[in-house]
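See structure below.
We count ligands from 1, going down the list as the structure has it; atoms in each ligand are counted the same way. Along the sequence shown, residues are numbered consecutively beginning with 1.
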Amino acid sequence: MQVTDVFVCGGGPAGLAAAIAARLEGFDVVVADCFKPPIDKACGEGLMPDGLAALAALGVFPSDEESGLFCGIRFVEAGRSVEARFSQGEGRGLRRTTLHEMLHRRASELGVTFRWSTQVLDVKDGVVRTGHEPIRTKWVIGADGIHSRTRERLGLGKGRRLSRRIGLRQHFKVRPWDKFMEIHWSDRGQAYVTPVGPEAVCVVVVGRDRFRSVDASLAWFPELAERLQGAEVESSQRGAVTEGRIYDRVTSGCTALVGDASGSVDAIAGQGLALSFLQARELATALSRGNLNLYQQAHRRINRVPIFMSRSMLLLDRFAAARHWMQKAFYRDPRVFEQMLSVHVGIAPLTILGSSGILSLGLQILATQEVWDCVQSL
Ligand SMILES: Cc1cc2nc3c(=O)[nH]c(=O)nc-3n(C[C@H](O)[C@H](O)[C@H](O)COP(=O)(O)OP(=O)(O)OC[C@H]3O[C@@H](n4cnc5c(N)ncnc54)[C@H](O)[C@@H]3O)c2cc1C
């Protein structure tokens, strides 16, 4: 029987990041995934500065040729736009397949062992069962995504679902028109536009209700439709569910969960990948100290702000009046948007919201008639 220190179930971004981090701590690591590299998935493909820094800490550095740079976020709706720059660092967009290839290469260089095209069937008493030879392991990492069977096996419950939406992704061959990641808003959902290379953008449309295609939904975003007019479509459309979900516990015995398996934030936050990379490093530290409680605590700390920010942004998705109010406030005083962005990417603490006028802005949004009507009807 093969023996290892750490077995990682799922070789997506979270699984590979966890494998790299554990290997950097000196563990022998085996990763298994049902698919083989490069693994693709519907994603906005944007990494905020904190995500990029966490990726660099794993030893992965996307180049200008294989990624697109952005220096802030721009909101666009109904002919109006407002933007904020990151006060530190930069963001990058890179295709999921490129990100996967880079993480795979780094993990291979470090000596991680892979079992691709291999489904994990069961893990019991430290023995992992796949269709091939069983593996004995000291630690198990569940990185098997939002429908994690590892989590199910641990009996950690269904957690609390905060949101559920549908996303469709497509790439367009067009030179990015600016160095911003754009969020186009409408009453039906958002379109996130991320530069992913010198001549390519990734467009993800996310909505609460089902919709037919990225192409059909462009009617909700006239400014974006105009930008993409005549642009060559570069990839086939790919869809995925995006959920906000939290769990009380992400560890049990010798098993820990990372990435979407450990809880997820809605795509609107653009933070799922950053969370996976940050969690991976904290988990490796906890493994090296032989104490998964350290990871449980770190996980709660890492996820707190992204959960808060994504929930706040989803309020804006739901309540058009609040959204328009907020956009006007940002337009009048762009510094408010900049401060919110700094909190979002972990540069400024959440407490800044109390002193910067954002808290009072939030309260005024909550007081808008539309939100108030909804609260009263509950
Ligand atoms: C529409 C959309 C847009 C998004 N936009 C962004 C964005 O712009 N920026 C950002 O940071 N995040 C974004 N996210 C979130 C991000 O995509 C996820 O957080 C990220 O994919 C989580 O990675 P993961 O490795 O945990 O899960 P996954 O990518 O789902 O990987 C899980 C892996 O586990 C494997 N697996 C599952 N079960 C088994 C099994 N039994 N045996 C073997 N292998 C198994 C699967 O094959 C898969 O490869 C977006 C998400 C969506 C849906």
Side-chain angles (χ1 to χ4, degrees), residues 7-19 30-48 50-52 54-55 70 73 91-97 99-100 103-104 114-123 128-131 140-153 163-170 181 183 189-196 202-207 214 237-245 257-280 303 306 310 345:
F7 179 85
V8 186
C9 174
L16 291 181
V30 177
V31 176
D33 198 289
C34 307
F35 297 103
K36 56 179 191 213
I39 300 177
D40 199 3
K41 190 187 165 179
C43 183
E45 305 183 336
L47 276 172
M48 305 289 163
D50 52 337
L52 205 55
L55 187 63
F70 56 93
I73 304 289
R92 274 192 189 268
L94 66 164
R95 288 176 194 236
R96 272 302 276 248
T97 43
L99 173 66
H100 198 263
L103 287 165
H104 180 213
F114 298 102
R115 291 206 176 175
W116 299 115
S117 307
T118 300
Q119 187 180 7
V120 176
L121 303 173
D122 197 15
V123 185
V128 182
R129 227 166 34 81
T130 66
V140 178
I141 298 179
D144 42 354
I146 56 171
H147 304 296
S148 171
R149 292 289 305 278
T150 309
R151 189 181 58 230
E152 219 176 280
R153 269 194 294 271
S163 61
R164 185 182 168 86
R165 305 197 297 156
I166 315 285
L168 288 181
R169 181 212 70 188
Q170 199 147 43
M181 181 178 178
I183 304 185
Q190 298 83 45
Y192 313 129
V193 186
T194 316
V196 290
C202 168
V203 176
V204 166
V205 178
V206 182
V214 170
Q237 188 169 272
R238 194 175 260 269
V241 167
T242 173
E243 272 194 354
R245 196 180 274 275
L257 305 171
V258 286
D260 283 2
S262 69
S264 47
V265 290
D266 185 276
I268 202 163
Q271 286 289 63
L273 294 167
L275 284 177
S276 301
F277 304 152
L278 291 166
Q279 289 161 5
N303 282 41
S310 61
V345 301

Inset, instruction - Please name the residue in the list R238, R169, R92 that meets the salt bridge (Lys or Arg N to Asp or Glu O under 4.0 Å) test with E45. - result: R169
Which ligand 1 atoms are under 4.0 Å away from a heavy-atom of [X]?
| X | value |
| --- | --- |
| G145 | 27 (O), 30 (O), 32 (C) |
| R96 | 16 (C), 17 (O), 20 (C), 21 (O), 29 (O) |
| G270 | 7 (C), 9 (N), 10 (C), 11 (O) |
| A143 | 32 (C), 33 (C), 34 (O) |
| G259 | 26 (O) |
| G10 | 34 (O), 35 (C), 44 (N) |
| D260 | 18 (C), 19 (O), 20 (C), 22 (C), 26 (O) |
| A240 | 53 (C) |

Check this for me - ligand 1, [X], N or O atoms closer than 3.5 angstrom, yes or no?
| X | answer |
| --- | --- |
| G44 | yes |
| A14 | yes |
| T242 | no |

Validation row: [X], [Y] side chains within 4.5 angstrom (heavy atoms):
| X | Y | value |
| --- | --- | --- |
| R96 | P13 | yes |
| I268 | Y192 | yes |
| R115 | V128 | no |
| L55 | L99 | yes |

Which residue owns the protein heavy atom closest to [atom], what's the atom, and how far is it?
| atom | value |
| --- | --- |
| atom 38 (N) of ligand 1 | D144 CB, 3.5 Å |
| atom 45 (C) of ligand 1 | C34 SG, 3.6 Å |
| atom 49 (O) of ligand 1 | D33 OD2, 2.7 Å |
| atom 9 (N) of ligand 1 | G46 O, 2.9 Å |
| atom 11 (O) of ligand 1 | L273 N, 2.8 Å |
| atom 12 (N) of ligand 1 | G272 N, 3.4 Å |
| atom 52 (C) of ligand 1 | A42 O, 3.7 Å |
| atom 13 (C) of ligand 1 | C43 SG, 3.6 Å |

Any donor-acceptor pair under 3.5 Å linking the side chain of [X] with the backbone of [Y]?
| X | Y | value |
| --- | --- | --- |
| Q237 | L168 | no |
| R95 | C202 | no |
| R129 | D122 | no |
| H104 | L16 | no |
| S310 | V265 | no |
| T118 | W116 | yes |

For ligand 1, indicate whether the residue [X] contacts it via side chain, backbone, both or neither (heavy-atom separation under 4.0 Å).
| X | value |
| --- | --- |
| H147 | neither |
| L47 | neither |
| Q271 | backbone |

Inset, instruction - Would you check if there is a donor-acceptor pair between the side chains of D144 and T150 at a distance under 3.5 Å? - result: yes
Legend entry - Polar contact flag, side-chain donor to acceptor under 3.5 angstrom, Q190-R165: yes
Looking at ligand 1, does [X] have a heavy atom less than 4.0 Å from it?
| X | result |
| --- | --- |
| Q119 | yes |
| T118 | yes |
| V241 | yes |

Inset, instruction - Could you check which of I166, I146, V265, V120 puts a non-hydrogen atom nearest to atom 42 (N) of ligand 1? - result: V120
